[in-house]
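Scroll down for the structure; my scribbles are underneath it.
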Amino acid sequence: MLLLSPQQIQQWDAYTILHEPISSIDLMERAARHCVDWIISNDHIRTSIKIFCGKGNNGGDGLAIARLLLQQQIPATVYILEFGAKGTDDFQLNLQRLHSLTKDIHFIQSPDFFPPVGKEDLVIDALFGSGLNRPLQDLNAAIVQHINQSGARIIAIDVPSGLFLDKSAKGNPVVTANYTLTFQSLKLCLMVAENARYFGEVAVLDIGLHPLFLQETEATFSLLSKEEIARGIKPRPGFSHKGTYGHALLIAGNTGKMGAALLAAKACLRSGVGLLTVNVPKNELPILQTSLHEAMATIREEEDHSYDGYASIGIGPGIGTAGSSEAIVRNLLENYAKPVVWDADAVTILGKNKQWLEQLSPGSILTPHPKEFERLFGASDNDFDRLNKAIELSKQYPLVIVLKGHYTLIAFNGKGWFNTTGNAGMAKGGSGDMLTGMLTALLAQGYTPLQATVTGVYLHGLSADLTLEEQSMESMLPSDTIENIGKAFLFLKE
Ligand SMILES: NC(=O)C1=CN([C@@H]2O[C@H](COP(=O)(O)OP(=O)(O)OC[C@H]3O[C@@H](n4cnc5c(N)ncnc54)[C@H](OP(=O)(O)O)[C@@H]3O)[C@@H](O)[C@H]2O)[C@@H](O)CC1
Ligand SMILES: Nc1ncnc2c1ncn2[C@@H]1O[C@H](COP(=O)(O)OP(=O)(O)OP(=O)(O)O)[C@@H](O)[C@H]1O
Ligand SMILES: [K+]
């Protein structure tokens, strides 16, 4: 699914009107009906429902929602923010339709006429949607503040009023919704952490916009889908052998950080690799060899760091950032030409030696979390800037950049894919190590760097989601999640 700009969303609307065909007022009616169905079936009806409308089509949705509620004998009061301009055609038509049902429609021109709103109210925010083109001010800013401080349950229609679809609204007045009912597809503004406090829980309502439009449309950002990932999984032919699936090397672990090496190694082994060697400090060798019978080992302090024969290498989890680790990073840059997975301390070392970025082998995968990303590429003003920076960098460097988060972004060659699997039970040390092991395993099996990354990131989150069948978000450990990598592969084959 593509993440569209406001202009593209308008075009999708127009395309549907032309090709379904359907009139725009009927499309609005369908959107409103989906909202009402969702509100009723999710038990959000309150004795007092206050619907705040602007005079664009978002406000039109609000008016249609009011009428559909009233038709089911559910009382609702409408407040229209009056800022001079005439409403859109569909707004005006819905206003006429509503007038035939109720006189409980209030035009507000000043904060003096704001209705009292309290905890017991349900507020429907239909002030502004995808047409917002500047920060809210004056009366519009005042009503947002009034609603936000009321303590009422707030349901935003399409997006919380005040959010721009594809750029930051940092510092602007924005409705803090408990729920956002967004039409047809997620929007970029509903994917970033900086807006999480505004959009609350998001439901995507399928209002039947024409699917063919997407086939004729290009967008920088899209969402990964199960079907797409499942199609990319390589078969394991009956006559294959361990050599078919590659020999991976993980350079991981150090004194007090051997858990990182074990988690990465175990995840690598559970992700289909043919052979695995783990490079660890001499003193830590027994920990590895007694806990993981399938892994071989090389010793960190030994001079001969030949990388010949490894189909892929992952470096970083728990290695530390001391000079000896820096030396390994330099050695790897000079002596290994295939893609490498760079994570954790290895990313920090690259951040300290930025000139080395030019030397990363093409197709290498960088897996920074936002702080590590900042160390590598500098600070960003907001989440949108960071996403756009990752996209620009992916044009500049022949690398796959994995910006980890709730919706992890994978940037490659000027395009970005958001992952939709995973949950807050993964917000624990060790989750990143697990991902490094998985990506290294997939590279070793001959997946292209992009394919390895999208597959690995998706399966990583999916394993965590499946872990919730037997654990809570509080209790689950990366070790549990690794044991569910198998279930995740099976789920893709269903
Ligand atoms: N496409 C779909 O799939 C469907 C879309 N539908 C619905 O349509 C919504 C989009 O409607 P929309 O385009 O009329 O824009 P909307 O957000 O209502 O109003 C913006 C208007 O207000 C103005 N304005 C802007 N910023 C302002 C500001 N800061 N302060 C004051 N005024 C400001 C601006 O006019 P301006 O003042 O710039 O002339 C603009 O015209 C969408 O979110 C969804 O709910 C569904 O009905 C059906 C399916
Ligand atoms: N709330 C969340 N929702 C979805 N995924 C999450 C969430 N929190 C963390 N994750 C995922 O878990 C992983 C965490 O990796 P990250 O390197 O940031 O932290 P870590 O677990 O401390 O790493 P390490 O393994 O190096 O200790 C990422 O892949 C991230 O996408
Ligand atoms: K809204």
Side-chain angles (χ1 to χ4, degrees), residues 242 245-307 309-329 331-332 336 340-349 367 369 372 425-444 456 459-460 463-464 467 471 475-486:
K242 59 181 183 277
Y245 303 106
H247 186 171
L249 173 68
L250 279 172
I251 304 171
N254 215 325
T255 307
K257 294 278 182 66
M258 280 307 290
L262 290 175
L263 290 168
K266 193 126 196 226
C268 185
L269 289 165
R270 288 273 188 223
S271 302
V273 74
L275 286 168
L276 171 64
T277 295
V278 190
N279 176 268
V280 295
K282 186 164 191 281
N283 288 344
E284 312 303 333
L285 195 58
I287 298 182
L288 178 78
Q289 298 271 262
T290 50
S291 354
L292 263 188
H293 303 152
E294 294 84 357
M296 297 172 285
T298 56
I299 292 179
R300 180 92 30 100
E301 293 85 349
E302 286 181 358
E303 287 303 312
D304 174 28
H305 282 303
S306 160
Y307 302 118
Y310 292 118
S312 70
I313 298 181
I315 179 166
I319 61 170
T321 54
S324 52
S325 296
E326 266 194 43
I328 296 170
V329 166
N331 191 38
L332 192 57
Y336 191 71
V340 170
V341 182
W342 296 88
D343 182 35
D345 294 332
V347 171
T348 303
I349 290 171
T367 65
H369 54 58
E372 289 165 343
M426 302 169 82
K428 285 173 190 151
S431 296
D433 307 328
M434 170 181 171
L435 178 65
T436 299
M438 297 180 78
L439 298 179
T440 308
L442 293 165
L443 273 182
L459 282 168
H460 181 232
S463 315
T467 303
Q471 290 288 347
S475 70
M476 64 189 268
L477 298 178
S479 306
D480 302 321
T481 308
I482 290 169
E483 294 311 320
N484 283 323
I485 294 174

query: Shortest non-hydrogen contact from V278 to A295?
result: CG2-CB, 4.1 Å

- prompt: About how many Å separate CZ of R300 and CD1 of I319, when rounded to the nearest 0.5 Å?
  reply: 6.5 Å

query: Out of curiosity, I482 CD1 to S271 OG, how far, rounded to the nearest 0.5 Å?
result: 8.5 Å

field: Distance-only donor-acceptor check, side chains T467 and N484, under 3.5 Å
entry: yes

message: Could you measure the distance from the CE atom of M438 to the CD1 atom of I485? Nearest 0.5 Å is fine.
response: 4.0 Å

Side-chain donor-acceptor contact under 3.5 Å, E284 with T255: yes

Shortest non-hydrogen separation from K242 to L275 and the atoms involved: CD-CD2, 3.7 Å

task: Kindly determine whether I315 and Y336 satisfy side chain to side chain contact (heavy atoms under 4.5 Å, CB included), including the steps that lead there.
output: CA-CA 12 Å; I315 179 166; Y336 191 71; over 6 Å; no

message: On a heavy-atom basis, which atom in L250 and which in C268 lie closest, and how many Å separate them?
response: CD1-CB, 4.0 Å

- prompt: Between S431 (side chain) and A427 (backbone), is there a donor-acceptor pair under 3.5 Å?
  reply: no

- line: Residues at least two apart in sequence or cross-chain that pass salt bridge (Lys or Arg N to Asp or Glu O under 4.0 Å) with D433, listed by chain then number, are none

message: Just by distance, no angles: are the side chains of D343 and T367 close enough, under 3.5 Å, to form a donor-acceptor pair?
response: yes

message: Any heavy-atom pair between the side chains of M426 and M434 that's under 4.5 Å?
response: no

query: Distance-only, no hydrogens or angles: does the Q471 side chain make a donor-acceptor pair with backbone N or O of L477 under 3.5 Å?
result: no

query: Looking at T436, L435, L443, which one forms a side-chain contact (heavy atoms from CB on, under 4.5 Å) with L439?
result: L435

- prompt: Between S325 and I349, is a side chain to side chain contact (heavy atoms under 4.5 Å, CB included) present by the stated rule, with each step listed?
  reply: CA-CA 8 Å; S325 296; I349 290 171; 3.7 Å; yes

- prompt: Less than 4.5 Å apart, any side-chain heavy atom of P317 and any of L263?
  reply: no

- prompt: To the nearest 0.5 Å, how far apart are OG1 in T481 and CG in L459?
  reply: 12.5 Å

query: When rounded to the nearest 0.5 angstrom, what distance separates CG in L276 from OG in S312?
result: 9.0 Å

- request: With sequence neighbours excluded, tell me which residues meet salt bridge (Lys or Arg N to Asp or Glu O under 4.0 Å) with E294.
  value: none

query: Crowded around K428 NZ? As in, over 12 foreign heavy atoms under 6.0 Å?
result: yes

Separation between NZ of K266 and OG of S479, rounded to the nearest 0.5 Å: 7.5 Å

message: Tell me the closest heavy-atom pair linking P281 and N254, and the distance in Å.
response: CG-OD1, 3.5 Å

query: Any ion pair linking E483 and R270 (charged N to carboxylate O, less than 4.0 Å)?
result: yes

Heavy-atom pair of closest approach, residues W342 and L332: CH2-CD2, 4.0 Å

field: Any side-chain heavy-atom pair of I251 and Y307 under 4.5 Å
entry: yes

query: Looking at H293 and T290, what are the two nearest heavy atoms and their distance?
result: NE2-O, 3.6 Å

